[in-house]
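Please read the structure below before turning to the comments.
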Amino acid sequence: MPPRAAKRKAPPTDEAPTKKANIVSPTPHHHASGTSRDEAILREFYPPEMSNERVQAYRDGDIPTPYHQLTGTLQSTELQRQNIKPNKAVAHWFRWDLRLHDNTGLHKAHEAATAGGVPLICLYVFSHEDFHAHCTSPARIDLTLRSLRILKGDLEKLDIPLWVEEVAERKHVPGTILNWCQKWGVSSVHANMEYEVDELRRDAKLVAAGVKKDISFNVHHDTCVVEPMVLRSGSEKPYAVFTPFFKKWEPYVWRNKLLDKLSPSPGKNHPDLNTRESFKELFEQTSFPVPNEGKRLSEKDAARLAKLWPAGEHEALARLQLFLEEHVAKYADRRDRPDIEGGTSSLSLHFAAGTLSARQAVRAARDHNKRLSLDAGHHGWIREICFRDFYKNILLVHPHVCMSKAYHEEYHNVVWEYNDEHFRRWTEGKTGYPIVDAGMRQLASDKFVHNRCRMIVASFLCKDLLLDWRKGERFFMEHLIDGDFASNNAGWQFCSSSGTDAQPYFRIFNPLLQSEKFDPEGHYIRKWVPELRGVRGKAIHDPYARLPASEFKKLGYPEPIVEHKFARDRALERYKTGLGKNTL
Ligand SMILES: Cc1cc2nc3c(=O)[nH]c(=O)nc-3n(C[C@H](O)[C@H](O)[C@H](O)COP(=O)(O)OP(=O)(O)OC[C@H]3O[C@@H](n4cnc5c(N)ncnc54)[C@H](O)[C@@H]3O)c2cc1C
């Protein structure tokens with residue numbers, strides 16, 4: 001166990017650096033090739049890896065969590081914010097909640113506007129540097145822009161304008177918003193809380209800065225079905241394991257009738273308010289910002305992905321309905337089968353963009369269930385949605401997971417390989433393990449991967465290649481259309497065995513067995529790995545070992561990058577050493 005930190009306020013070394021030159025390199029574990037574990041962190045935005053002692057200080061409450069900083073600021077300014085008089089408008093600041101229905105912040109903003117007799121106006125902040133700092137993928141940014149266009153159209157029908165404000169550097173976001181509010185006479189802003197560290201700190205600053213300028217910032221819980229931090233174990237602690245969390249979560253949802261209280265979409269701005277004239281410029285914004293180089297899809301990819309993943313809340317609701325009508329009943333049997341179309345809902349991009357709320361989804365599933373109690377399919381699907389809630393709770397209680405640290409910080413003593421060639425071959429889907437390559441090629445093409453294959457490719461990176469899981473985590477965020485920090489981080493930590501509920505380090509996925517079990521006929525592999533389309537029978541899972549050498553050569557498919565048995569033994573040894581389990 002690391003030594004406990006002394007009871008004093010630790011210096012804020014996990015704050016984002018203001019100048020590049022200030023960043024001092026820690027003592028990274030260098031690899032012979034010159035790359036190091038420190039490269040897994042985006043150093044232009046974040047300080048070096050936090051010490052395990054500092055993690056413990058967060059746990060002990062010696063350092064206030066960003067969540068407590070925000071809630072503390074909200075509490076200490078409550079009276080002042082209440083006393084701010086309505087000016088010319090109330091605003092809702094959209095984030096990853098790009099919908100009208102069941103949007104808590106939007107609903108509260110509408111109520112405040114109605115009570116104050118002023119129009120509701122809306123804002124979205126397109127912050128280029130945040131996209132870089134958070135590794136947001138071009139596909140996700142493109143989906144956001146497409147969702148915003150639909151949202152703008154829907155809001156306009158209600159005489160509510162939506163303005164998209166472009167900000168280059170994220171340090172300017174708070175100032176830009178305050179200026180925007182002053183320009184349009186906004187006295188009150190509502191937004192839904194984002195649970196990542198940078199966002200909680202930004203909001204805490206804004207709430208405090210706002211009251212000094214007579215602007216009330218109000219931040220609401222919205223994204224989870226059950227408000228985070230509410231559910232506690234018998235010993236009054238936040239849950240660290242999913243199953244008991246779910247056991248408490250489910251009856252809590254039904255008992256408190258949480259699904260009967262969905263917020264309605266806002267009503268029309270009253271005609272007497274002359275919103276269209278007073279906020280003409282906001283209505284007339286015709287073009288949206290263009291993402292920076294490297295964050296922009298090619299025209300061809302944009303067109304292809306728009307067809308594959310239509311945006312907006314109407315589409316999300318239609319997709320939800322289709323899934324319930326045609327697939328959910330068989331969910332329990334098929335959710336692990338990447339070879340079956342419709343085995344899962346493919347709604348994660350809508351949850352991530354906020355074009356569908358988790359409450360809407362759980363309620364629709366409950367209402368669709370025809371029996372007295374939930375059947376296995378409906379129940380199993382609702383349980384998966386609960387995972388979102390659980391992982392968002394983890395961010396609030398353990399902010400160090402947002403700072404490139406493992407949930408179980410002792411896993412940081414595991415020494416990873418930093419083999420650039422292996423990493424490149426993994427990213428390109430050229431590992432010589434068909435199921436792994438199929439998963440990585442699905443990611444490259446569709447910017448989405450089936451959950452079972454996310455686990456297989458992640459486990460392969462952490463255990464078979466023994467590469468730093470944070471490199472995989474970042475690569476996923478940079479490519480997934482549904483990239484969500486909490487779920488992605490937790491998924492990676494599950495696979496690297498360092499997270500909550502993680503698979504124990506000695507349980508190592510065998511990619512061959514996974515392939516035979518979850519893609520028995522090899523349909524998924526043949527779909528994504530064209531070199532193997534002509535391979536018949538069980539050879540599809542392991543063509544190198546199961547085909548004659550001459551036949552294998554003709555395929556133009558790579559030999560396995562590592563031998564699984566060797567890799568497994570190496571991983572076990574490295575984990576044991578890192579965790580101090582090798583000593584007598
Ligand atoms: C390494 C790894 C990385 C991941 N990265 C992300 C990510 O960036 N964004 C993301 O939304 N999910 C992520 N997941 C979780 C999961 O893979 C996806 O949510 C799921 O594949 C989405 O497909 P679906 O919508 O068809 O899911 P369904 O099976 O239909 O499930 C319904 C919804 O439940 C939620 N859900 C399901 N499984 C999980 C889970 N394990 N953790 C959290 N929520 C879950 C999702 O919101 C999903 O849309 C990751 C999992 C792993 C193992």
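Bear in mind that the values here come from a model prediction, so they are computed numbers and not experimental data. All ligand and atom numbering here is 1-based and tracks the order in the structure. Residue numbers count from 1 along this sequence. The figures that follow rest on heavy atoms only: side chains count, while hydrogens, waters and symmetry mates do not.
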- Under 3.5 Å, is there a donor-acceptor pair between the side chain of Asp301 and the main chain of Leu297?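 Answer holds: no.
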
Nearest to [atom] by heavy atom, [options]: which?
atom	options	answer
atom 14 (N) of ligand 1	Arg454, His450, Arg388	Arg454
atom 21 (O) of ligand 1	Leu320, Leu480, Asn451	Asn451
atom 36 (N) of ligand 1	Glu384, Glu473, Met477	Glu384

Output the list of atoms in ligand 1 that are nearer than 4.0 Å to some heavy atom of [X], sorted by atom number.
X	value
Tyr331	28 (P), 29 (O), 31 (O)
Phe448	23 (O)
Leu347	25 (O), 49 (O)
Gly483	8 (O)
Ile385	33 (C), 34 (O)
Ser348	11 (O), 22 (C), 23 (O), 25 (O), 49 (O)

Side-chain ion pair, [X] and [Y], N-O less than 4.0 Å:
X	Y	value
Arg335	Glu384	yes
Lys330	Asp375	no
Arg95	Glu199	no
Glu563	Arg570	no
Lys261	Asp102	no
Arg296	Asp142	no
Arg526	Asp519	no

If you have a sec, work out which protein heavy atom is nearest [atom] and how many Å separate them, to one decimal?
atom	value
atom 3 (C) of ligand 1	Asn488 OD1, 3.2 Å
atom 43 (C) of ligand 1	Ser487 OG, 3.4 Å
atom 31 (O) of ligand 1	Trp381 NE1, 3.6 Å
atom 42 (N) of ligand 1	Tyr391 CE1, 3.3 Å
atom 30 (O) of ligand 1	Ser345 OG, 2.6 Å
atom 9 (N) of ligand 1	Asp482 O, 2.9 Å
atom 40 (C) of ligand 1	Phe387 CB, 4.0 Å
atom 2 (C) of ligand 1	Gly491 CA, 3.7 Å

- Based purely on interatomic distance, does Trp492 place a nitrogen or oxygen under 3.5 Å from a nitrogen or oxygen of ligand 1?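 No, there is no polar N/O contact under 3.5 Å.
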
[Y] six-ring centre to [X] NZ/CZ under 6.0 Å and within 45° of normal:
X	Y	result
Lys405	Tyr411	no
Arg454	Trp492	no
Lys471	Phe423	yes
Arg452	Phe518	yes

Heavy atom of [X], distance to ligand 1 below 4.0 Å:
X	answer
Phe323	no
Ser346	yes
Phe485	no
Met455	yes

- Task: For the residue pair Phe323 and Trp381, categorise the inter-ring angle as parallel (less than 30°), tilted (30 to 60°) or perpendicular (more than 60°).
- Result: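 Answer is tilted, since the angle falls between 30° and 60°.
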
- Task: Determine, step by step, whether His564 and Asn510 satisfy the side chain to side chain contact (heavy atoms under 4.5 Å, CB included) criterion, reporting the C-alpha distance in whole Å, the side-chain angles of both residues, the deciding distance to 0.1 Å, and the verdict.
- Result: CA-CA 7 Å; His564 177 66; Asn510 179 327; 3.8 Å; yes

- Message: At under 4.0 Å between heavy atoms, is it the side chain or the backbone of Phe351 that contacts ligand 1, or both, or neither?
- Response: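 Contact part for Phe351 vs ligand 1: side chain (C-beta onward).
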
